[in-house]
Amino acid sequence: MKEEQKTKDQLIQELNEAKRQIATLRSVPQNQSISGQGYEELRAERDKLQSLMDGLAATGIGVDVIGADYRIRTQNKLLQDTFGDQTGKLCYKSYIGRSKPCVPCSMKAAIKNGKMESIEMRGINGRLYEVISAPLLYPDGTANKAIEVIQDITERKHAEIALGESEGRFRAIAETAKDCIFTKDLECRYTYVNGAMAELFGCRLEDLIGKTPEEIFDPESAKIVSAVDKIALDGDTADEVRTLYLGDHEYVFHTIQVPLRNINDEVSGICGIVRDITDQKRAEAEKIRLEQQYHQSQKVESIGRLAGGVSHDLNNLLSPIIVYGELLMRDFGPDDERRKYTVEIVQAGFRARDLVHQLLAFSRKQTMEYVPVDMNKVVIDFKELLRRTIPEDIQIEICQSTDIRTIMADVGQIEQVIMNLATNAADAMPEGGRLTIETAQAVLDEEYAATHSEVQPGEYVMLSVSDTGYGFDDETLGHLFEPFYSTKGELGTGLGLATVFGIVKQHGGNIWVHSESDMGTTFKVYLPVTDKALVKDDTCQDTATELKGSETILLVEDNKHVRDLAHTILELHGYTVLVAENGGEALMIFEEHGGAPDLLLTDVVMPEMNGKELFDKAIENHPSLRVLYMSGYTKDIIADHGVLDEGIAFIQKPFTLQSLATKVRKVLDHS
C-alpha cells in the first residue's frame, strides 16, 4: 500500500461524501434539458466527484460503482491499475475470477437493505480486500446501483494473524511456566496472571484479576510490591529480590518488571515475572553454614595436628616436673617456705598438663577409657560437686527421663563436659538465675541429619544444659566452639567450650547451641546409644589406700627422664624394678632373669620395637605376664599400635606419683 491504511470510519465518511455527490447528479430530472448556469453547476459536481475518487485512489483506496446486474459502471484509477479497466464487465469475474456471483455479496445486500454492507474478498491477484458497499438511492428510496470502497487489507490481516500467533505463543509459554507471570495497568491492578501465580496464591485466576497489591498482600508486603511497581511505571526495569508474606508463610521472590508501552511509546502498564527462590535462598544459607562448619573442622584438624605434635614431648617433660615436685613436698614441712614454692611448681605443672589435655580433647585425640554409662547416674553423682562449684544464687534443676538407654563413654570426660557447660552458664548469670540439666532419649532421623553436618541418623541420649543468662548474639555463636575464643574477655582461656566440642565429637556425638541476647542459652549434647550392659562397680576397695607392693616390675622406657622418674616411684612403693631402655634390652632381661617379672610396664612408641610387639614376644615364654602400657602420644598414634583395645591397661603421660602407683596396683590385683 502506498500510504497508511485508513480506518473503517474514515472509509465510511468518504463513502458518504461520494454518495452525496452522486445523489446531487441524480437529482436532475431525466429528459430535462440542462443549459447555462445549471449545466455548469452539474459539471462542477461531477468534477468534484471525480476528484474525490482520484483522491481516494492516491491514498490506496479503490472506488467503483456497480449496478444490480453486477456490471461495473465506473472505476477510479487505483482499481484500473490493479485489475485493468473493467467498465461494463461483471464484477465477480473481473475482481475475483469467479463464474458466479459471490455469496454473500455486499452490493446486493446494500441495494436490498438500503444501508451499507461490508465483506472481505480474495482478489484475482491473490490479495485480500475489504469491500464496503453503499446503495445509491433515487429520490423515491429505491436503488439499482451501489458505490463501493475497496481497500487492500492483506498486510493488516497478516499482522493480525502474526499478532494472534504471538499472543498464542505468549499464553502457551506463560501458562506452562513455573514462574509467576503477570501484567498490570497504570493503577497497578492485575490485568493478566498465569496459572503458576494463581497456584502460589492458592486461588482462582479470576480472584486476582482487577486486584491491587493492597488487596492481596499484608500492609508491609504491599508497600514493597508497590515500590517495585513504581520503578516500572517510571519507565525503568525493576530487578529486585524481596521477602514477602503470603498468609503465615514467608517467601523470597526474585522479581523482574518492565514497563508496557503503547503505540506512542507511553507507559501503559507493567509486565512482570516473579520467581519463588525461597528454597534456593535456604539452600544457599545452608551451604554457607556447612562451609563454615567445614572450615571450623579444618581449624580443629590443624590444632589437632599441632597438639599431637607437641603433646608427646610436653608430657614427657611434665611428668618429672609434677612427680619430683610431689616428692619435694614430702620433704618440706607445712611451714617451710620452700614447700610453698614447690606447691606452685606442681600446680603449674598440673595446669600445663590440663592445657595439653584440653587441646587434645578439642582436637579429638585425647585417650579415652570407654565403658557403658548411665547418663542419669553420671548427672546425679555429679550434682553435689556442681552445687559446691556453682554460686548459691543459681538454682540447679535436674530433669531426668525415666527411660534412657546406655551410652559408651569416658565418665571423667562426660563430667568435664557437664562442668564446663555449667560453669559457662554460671558466668552468664552474674546476678543469679536457674541452671537446668536435662536428660532424654532422642531419635535423630535422616531429615535432621540432612541439615546438620556430621550427624548420623540413629538413637541418641540427649544431655541438655540451659541457663537464664544474657545469651549470645549471632556473631558470638559463630565462634563459640573455636579454641582461644573466650566470651569472658581476659578472664577466660577460650578452651572450655572448645574442649566440650572435642570431647563430644570424640564420643561420636554432636553438640548444638540455641541462644538469643538476654534470652538465655541451651546446649544440647547428643551421644549415641549402645547395646552393651552396664558394668558393676567392683573396683578394689583398698586401691586408694594401700598402693605398696613387693612384686617385680620390668620398666621399659626410651626417655631417660621418664624412666628414672617411674623407677623412683615404683621403688618408693616397695617394688623390685628391672630397667630397660628399649625392647631388645627388655628381652635380654627376660632371658637373664631367673623368673618372669610380675608386670611389664612399657612405653608404647619406641625405636626398633614398640611396646605391643615387646609384650607379644614376651608372653610366648611367659603367658601369665601382665602388662601396663604408658604413652605421651595422642590417641590416634597409640591406637595404631593396638594398645587401646578393650581390656588392655593403659596410663597416659604425664602421670602423677599417685596415679602411677594406683594404676600399677590395680593391674597387679585385677589382671
Side-chain angles (χ1 to χ4, degrees), residues 315-316 319 322-323 326 366-372 410-413 535-559 562-580 582-583 585-587 589-590 593 595-606 609-633 635 638-639 641-671:
N315 287 332
N316 281 339
S319 291
I322 293 171
V323 175
E326 290 177 322
Q366 177 71 300
T367 304
M368 301 285 189
E369 293 185 16
Y370 295 101
V371 294
D410 183 311
V411 175
Q413 296 298 317
V535 178
K536 293 183 179 180
D537 187 6
D538 58 353
T539 56
C540 182
Q541 296 300 314
D542 64 350
T543 298
T545 58
E546 184 55 58
L547 301 178
K548 292 184 178 296
S550 59
E551 291 90 344
T552 299
I553 299 175
L554 174 56
L555 169 64
V556 186
E557 168 61 59
D558 63 320
N559 184 283
V562 178
R563 186 170 64 247
D564 293 345
L565 174 66
H567 189 179
T568 300
I569 294 173
L570 295 173
E571 284 191 335
L572 282 174
H573 287 82
Y575 298 105
T576 300
V577 184
L578 306 175
V579 179
N582 53 55
E585 287 186 11
L587 292 177
I589 292 175
F590 273 110
H593 193 265
D598 297 287
L599 175 69
L600 172 64
L601 174 59
T602 179
D603 192 13
V604 175
V605 182
M606 296 183 295
M609 183 186 302
N610 64 53
K612 182 66 166 55
E613 293 170 339
L614 169 61
F615 177 67
D616 289 341
K617 288 181 180 293
I619 61 173
E620 292 177 1
N621 298 318
H622 308 282
S624 62
L625 180 66
R626 299 161 181 151
V627 64
L628 171 60
Y629 295 103
M630 58 182 174
S631 181
Y633 278 105
K635 172 191 173 183
I638 302 171
H641 292 77
V643 299
L644 292 182
D645 297 337
E646 188 175 352
I648 294 180
F650 174 82
I651 186 170
Q652 177 75 52
K653 300 175 186 177
F655 44 75
T656 65
L657 184 77
Q658 177 88 0
S659 66
L660 180 59
T662 301
K663 195 74 175 182
V664 167
R665 191 68 259 162
K666 183 177 180 181
V667 174
L668 287 170
D669 291 342
H670 298 285
S671 295

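Not measured: the values here are computed from a predicted model.
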request  = Compare every heavy atom of D603 with every heavy atom of M630, then report the nearest pair and how far apart it is.
outcome  = O-OD1, 2.8 Å
ask   = Can you name the nearest heavy-atom pair linking A586 to A580, along with the distance?
value = N-CB, 3.6 Å
query = Can you tell me how far the CG atom of D558 sits from the CD atom of E585, to the nearest 0.5 Å?
reply = 11.0 Å
task = Using atom types as modelled and distance alone, determine if a side-chain donor or acceptor of K548 lies under 3.5 Å from a backbone N or O of L572.
result = yes
query = Does a side-chain N-to-carboxylate-O contact under 4.0 Å join K653 and E557?
reply = yes
request  = Could you grab the distance from atom CG of L668 to atom OG of S550, nearest 0.5 Å is fine?
outcome  = 9.5 Å
ask   = Roughly how far, to the nearest 0.5 Å, is CD1 of I651 from CG of L660?
value = 5.0 Å
Check: D598 side chain, T552 main-chain N or O, donor-acceptor pair, under 3.5 Å = yes
ask   = Considering residues at least two apart in sequence or located in another chain, which fulfil the ring-ring contact (aromatic ring centres under 6.0 Å, His included) criterion with H622?
value = F590
note = Heavy atoms of L565 and F655 approach each other most closely as CD2-CE1, 4.1 Å
key: Pairs where residues 567-576 contributes a residue and the test side chain to side chain donor-acceptor pair (under 3.5 Å) is met, not counting sequence neighbours   = H567-E571, Y575-R665
ask   = For the residue pair I569 and V323, what are the closest heavy atoms and their distance?
value = CD1-CG1, 3.5 Å
ask   = How far does CG of L601 sit from CG of L578, to the nearest 0.5 angstrom?
value = 12.0 Å
ask   = Looking at residues at least two apart in the chain, or sitting in another chain, which of them share a side chain to side chain contact (heavy atoms under 4.5 Å, CB included) with T602?
value = V556, L600, M606, L614, V627, Y629
remark   = Distance col, row T656:OG1 vs E326:CD, nearest 0.5 angstrom, shows 5.0 Å
query = For I619 and D616, which heavy atoms make the closest approach, and how far apart are they?
reply = CG1-O, 3.4 Å
key: Heavy-atom closest contact (V604 atom, N610 atom, distance)   = O-CB, 3.1 Å
remark   = Taken to the nearest 0.5 Å, the spacing of E613 CD from L587 CG works out to 10.5 Å
